[in-house]
Amino acid sequence: MSERFDALIIGAGMSGMAASIRLAMYGQKVVVLERHLIPGGLNSYYQRGKRSFDVGLHALTNFVEKGQKGPLTKLMKQLRIPYEAFDLIPQKRSLIHFPSQKLGFTNEFEYFRSEVHQAFPNDTENFDRLIEKIRSFNETALTNEYLSAKLVVKQFIRDELLVEMIFAPLLIYGSAWENDMDFSQFVIMFKALYFEGFSRPRGGVRTIIDLLMKKMEEVGVDLRFKTGVAAIITGEGRVRGVETDKGDILECAKIYSSAGFGETLKMMTDEPSTQPRVGALSFTESLFCLDKKVRSTGFEDTIVFYNDSDKYHYQASAELYDPRSAVICVPNNYSQDDAQEEMVRVTYIANFAKWNELPRPQYKIEKEKMGQAAWNLVNQVVPNLNANILFQDLFTPTTVKKYTGHEGGAVYGSPDKTRSGQTGIEGLYIIGTDQGFLGIVGAMLSGISIANLYGLVGGDA
Amino acid sequence: MQAEQVRQVVLDIIADVSMEDDLSNIKDEVALRDQLDLDSMDFLDIVMELKKRHKVEVPQEDYPRLASLSSCVEYLTPKMMQ
């Protein structure tokens, strides 16, 4: 006899955990299958010696104060997790760092607006009109058409440099398209970063993961680690169940997959009707633990979006990594910092295929070289740092592939999203990155929205 | 269940669903949406909680009848007497 569930969720990342809570909360029998040993997916954590590190999370977007409306408080309500439990520390400031201009932004939108007005006096009214457009746009409607955000923004903003600077953080924090993004995603990200801003749970991403895990246990979710899905069994156009990589058959009415759009379709026993493209954007990250706080040099920024020219190249890297731009994140440089050591993380856009084909010894050498370049960049952006590296860790696109299962190590998944979550197969839905809500907050809202829509409202459980 | 009890049932559910809202000054005749931070996701939860706690089914076409506290009571009281 095989086991039978109302809902089966593939992946214990942010979206899968959130979806499982919603469904189990209302009485459904829910199982979550996770290939790895720890939850979190793209946003996870690991330990090296006595140090613990976050993966993925530079900052939590969508910061609002307790009691304010926003995507963050919406998801807390939906999951019945109180605001205080996240223990959020707001950022001080972040910086878009181009050679000819710099724009700071804080968690008060007025700060960014005045930075733009000062730096681009010819575009002040245009910028304000763009803001009106963004404010009034319903970015989370699941029926929105796909639209080039660059085309829309260029109807408002005249100075190309301002366009490039506005887009740089939004692209690198979520776009699966090269040099552009879907307008709905642009609005999600614009509001998430510039209207609302950054914060960080005191305990890092682990705080969020632990809260979700505790909630899952409370509502009776059956969570199974080290269990991958070998095949999604379909028949007559609808879902029947899955076969795990251990050979067990689990029957279910509905599957919510966070494995990626193309990755999910490939698991089906039936021939899929479409084949989403593999994403071209992957990253390397260099992580440095330091014996000195960057703040001690007067450096106040939490995240720096660095670019070496007036044109921002958000596209597949031709080389192992693209040194022309980087994100430099100081994950403890928030309004409160109780960490003993300093940490700095540097993210470059990178080429999966090139890293993947390197023979092992060469791979290590190239990784070290990339780390050296990242360290030089840190010292360029934070002058007079004079810090010693206590510990360093580096990851590449092949690491991303290993832990997320995304083809091509594509951090933000396929450029082809399925906003409605539908796959052409009845009972099979996509949640997370390839549904298209971005960031950690977006991922959780994706799981919640799709679970609500197909599991609760249209629910037949 | 009497009207007054039904009113309390709905208030208890709203308190759990909205989490941060203050319900002490709620006006029965005014739309809940205009007094509290409730969106369509929260209304879904009110419906789901009614089903979970009291086995009351509210079909989608009847959602507008949950607009205010008094319309909730009017609509739900006969259902909860069954």
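A note on names: the letters A, B, ... follow the listed sequences, proteins ahead of strands, and every chain is numbered from 1.
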Review point. Given that the side chain runs from C-beta out, which part of A/Met76 has a heavy atom under 4.5 Å from chain B: side chain, backbone, both or neither?
Key: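 Just the backbone, heavy atoms under 4.5 Å.
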Exercise for review: Against chain B, label A/Leu75 side chain, backbone, both or neither, depending on which of its atoms sit under 4.5 Å from a heavy atom there.
Suggested key: neither
Review point. Quick one: side chain to side chain contact (heavy atoms under 4.5 Å, CB included) partners of B/Asp22, sequence neighbours excluded?
Key: B/Ser24, B/Asn25
Tell me the closest heavy-atom pair linking [X] and [Y], and the distance in Å.
X: A/Gly197; Y: A/Asn107; answer: CA-OD1, 3.2 Å
X: A/Leu23; Y: A/Gly455; answer: CD2-CA, 3.8 Å
X: A/Ala18; Y: A/Leu79; answer: O-CD2, 3.8 Å

Point to revise | Partners passing ring pair (Phe, Tyr, Trp, His ring centres under 6.0 Å) against A/Phe183 (at least two apart in sequence or in another chain) | key: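 Checked A/Phe183 against ring pair (Phe, Tyr, Trp, His ring centres under 6.0 Å); matches are A/Phe137, A/Phe186.
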Study note, to complete from the structure: For A/Tyr429, the ring pair (Phe, Tyr, Trp, His ring centres under 6.0 Å) test, sequence neighbours excluded, returns A/Tyr256, A/Tyr454
Practice item. Could you please state which residues from residues 433-443 of chain A sit under 4.5 angstrom from chain B, measuring non-hydrogen atom to non-hydrogen atom, sorted by number, or 'none'? Key: none
Check your understanding: Side chain, backbone, both or neither: which part of B/Asp39 has a non-hydrogen atom closer than 4.5 Å to chain A?
Key -> side chain
Point to revise | Charged tip of A/Arg200 within 45° of A/Phe86 ring normal and under 6.0 Å | key: no
